Amino acid sequence: QANATRLLRLHARHGFGYAFHVHRYGAAGDLLMALGAVRSLREKYPCAQIDLTCNAELQALGEACPDVSRVNPRPLLPAQDGNYYDASYELDGCYERQAAVGHLIHPADAFGVALGVKAGVARIEPGVCPVDVRAVADGRPVILCGLRSRSRPASNWREERWVDVVKGLPDVLFVAIDTHRKPRFDAGAGNDAAWQEFWSLPNVLDLTGQTGLVDAIDVARYCDGILTVDTGVLHFADVVEKRRLYATIRNTDTYPRAA
């Protein structure tokens with residue numbers, strides 16, 4: 001018992017014997033930023049147990065993060081939380097509460113402040129890229145495309161505008177990803193002709209409906225940059241250290257800024 005006590009004291013500064021619980025629900029982009037703060041927490045306490053609670057559909061993303069010990073998609077009861085964990089961090093509403101009182105802070109920084117660490121960049125273990133993207137590119141630059149935003153549909157481009165961008169850069173391979181197979185991504189009334197033309201363009205590699213989040217991040221590793229209207233895909237760029245352009249536009253009748 002005495003030896004165990006001495007060991008705990010010796011390694012306590014590394015987190016040995018400690019268990020932390022991080023709560024973050026929300027979209028993939030928010031979770032990736034939260035996992036960046038978890039990475040910094042792991043670097044501060046390399047021996048600690050760090051558990052994560054997140055949306056069930058994002059569980060695979062948490063499990064692919066080497067800084068997370070365990071992912072539990074079901075929220076623990078307060079009594080269980082308090083009895084088991086040495087500290088529990090509630091990241092939901094973290095930056096929203098600051099914004100409500102006029103204090104604008106980047107979500108990544110807000111998550112870091114809540115955990116008592118500096119903001120970091122999430123580490124995600126490689127997934128499975130369904131296609132040899134580089135072989136298909138055959139020397140061409142490769143751009144990953146986040147075609148639509150389900151949480152911010154007003155940011156979506158009209159389908160014919162995507163066609164204009166892709167046709168305007170014939171020497172670039174555009175890799176299309178989405179959770180659904182060949183989705184309609186127009187914010188307004190769909191344009192069937194433009195939608196069909198987009199998927200038939202020779203420099204579009206269609207990987208829609210073929211990847212989960214972790215695999216999509218792995219696809220991004222083989223690309224030279226990311227062009228997206230979705231902020232979740234935007235955060236892939238930080239994980240894989242790629243250039244990105246957040247191509248948001250509110251007036252869908254005008255050309256995208258990337259054109």
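On a predicted model such as this, the values are computed, not experimentally measured, just so you know. What's counted below: heavy atoms across the whole structure, side chains too, no hydrogens, waters or symmetry copies.
The side-chain heavy atoms of Val214 and Leu61, taken from C-beta on, include a pair separated by under 4.5 Å. Glu160 has its side chain out of reach of Glu197: every pair of non-hydrogen atoms, C-beta onward, lies at least 4.5 Å apart. At a threshold of 4.5 Å between non-hydrogen side-chain atoms, the residues Thr231 and Ser149 do not count as touching. Inter-residue side-chain proximity for Asp67 and Ile50 is flagged as unmet; no heavy-atom pair is nearer than 4.5 Å. Between Glu63 and Val68 the shortest side-chain heavy-atom distance does not fall below 4.5 Å. Within the 4.5 Å cutoff, side-chain heavy atoms of Ile217 are placed close to those of Arg221. Residues Asp30 and Tyr95 have side chains in contact (heavy-atom distance under 4.5 Å, counting atoms from C-beta outward). Within the 4.5 Å cutoff, no side-chain heavy atoms of Leu52 are placed close to those of Asn72.
For the pair Glu159 and Trp195, the tightest heavy-atom approach, listed with the atom from each and the gap, is OE2-CD1, 3.5 Å. The two residues Val163 and Ala194 come nearest to each other via the heavy atoms CG2-O, 3.4 Å. The two residues Val142 and Ala137 make their nearest non-hydrogen contact at CG2-CB, 3.4 Å. For Cys145 against Trp162, the heavy-atom pair with the smallest separation is SG-CZ3, 3.9 Å. Counting all heavy atoms, side chain and backbone alike, Arg24 lies closest to Ala34 at CG-CB, 3.9 Å. The two atoms that bring Phe198 and Val204 nearest to each other are O-CG2, 3.7 Å, heavy atoms only.
With hydrogens and angles left out, the side-chain atoms of Thr208 and His180 include no donor and acceptor closer than 3.5 Å. Checking Arg148 against Thr228 by side-chain atom types alone, no donor-acceptor pair falls below 3.5 Å.
Using a 4.5 Å cut-off between side-chain heavy atoms of Ile, Leu, Val, Met, Phe, Trp and Tyr, with links allowed through other members, Val22 and Tyr45 fall into the same hydrophobic cluster. Ile105 and Leu91 end up in the same hydrophobic cluster when Ile, Leu, Val, Met, Phe, Trp and Tyr side chains are linked at under 4.5 Å. Criterion: ILVMFWY side-chain heavy atoms under 4.5 Å apart, direct or through other members. Under it, Leu201 and Leu169 are part of a common hydrophobic cluster. No chain of hydrophobic side-chain contacts below 4.5 Å, direct or via other Ile, Leu, Val, Met, Phe, Trp or Tyr residues, connects Ile124 to Val121.
Not one N or O on the side chain of Lys182 forms a donor-acceptor pair closer than 3.5 Å with the backbone of Trp199. The backbone N or O of Val166 sits less than 3.5 Å from a side-chain atom of Asn203, completing a donor-acceptor pair. Between the Arg140 side chain and the Asp171 main chain, no donor and acceptor come within less than 3.5 Å of each other. A distance-only check finds no donor-acceptor pair linking the side chain of Asn55 to the backbone of Leu58 [under 3.5 Å]. Not a single donor-acceptor pair under 3.5 Å links the side chain of Asp215 to the backbone N or O of Cys129. The backbone N or O of Ala48 sits less than 3.5 Å from a side-chain atom of Arg42, completing a donor-acceptor pair.
Evaluation of the side-chain contact (heavy atoms from CB on, under 4.5 Å) rule for Glu90 yields His23, Asp92 as partners, not counting sequence neighbours. The salt bridge (charged side-chain N to carboxylate O under 4.0 Å, His left out) test applied to Asp51 returns Arg70, not counting sequence neighbours.
Note that CD of Gln98 and NE2 of His106 are 14.0 Å apart. Values are rounded to the nearest 0.5 Å. Once rounded to the nearest 0.5 Å, the distance linking CZ of Phe236 with CG of Asp218 reads 11.0 Å. Of the inter-residue distances, the one linking Lys242 atom NZ with Ile143 atom CD1 reads 10.0 Å to the nearest 0.5 angstrom. Note that CZ of Arg123 is 11.0 Å distant from CG of Leu35, once rounded to the nearest 0.5 Å.
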In sequence, state the C-alpha distance, the side-chain angles, and the governing distance for Leu144 and Leu227, and then conclude on side chain to side chain contact (heavy atoms under 4.5 Å, CB included).
-> CA-CA 6 Å; Leu144 183 71; Leu227 174 64; over 6 Å; no
Side chain to side chain contact (heavy atoms under 4.5 Å, CB included) assessment of Gln59 paired with Thr53 = CA-CA 8 Å; Gln59 182 172 348; Thr53 289; over 6 Å; no
Stepwise salt bridge (charged side-chain N to carboxylate O under 4.0 Å, His left out) test for Asp164 and Arg158 = CA-CA 10 Å; Asp164 290 342; Arg158 295 183 66 87; over 6 Å; no
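More than 12 heavy atoms of other residues, nucleotides or ligands shown are found within 6.0 angstrom of CD on Glu96. Around atom NZ of Lys118, no more than 12 heavy atoms belonging to other residues, nucleotides or ligands sit under 6.0 Å away.
A salt bridge links Asp206 to Arg181: at least one charged side-chain nitrogen sits closer than 4.0 Å to a carboxylate oxygen. Taking a cutoff of 4.0 Å between a charged side-chain nitrogen and a carboxylate oxygen, Asp224 and Arg134 qualify as a salt bridge.
Partner of Leu205 under the side chain to side chain contact (heavy atoms under 4.5 Å, CB included) criterion, out of Val219, Leu173, Ile177: Leu173 alone.
Taking the ring centroids of Tyr85 and Phe20, they lie at or beyond the 6.0 Å cut-off.
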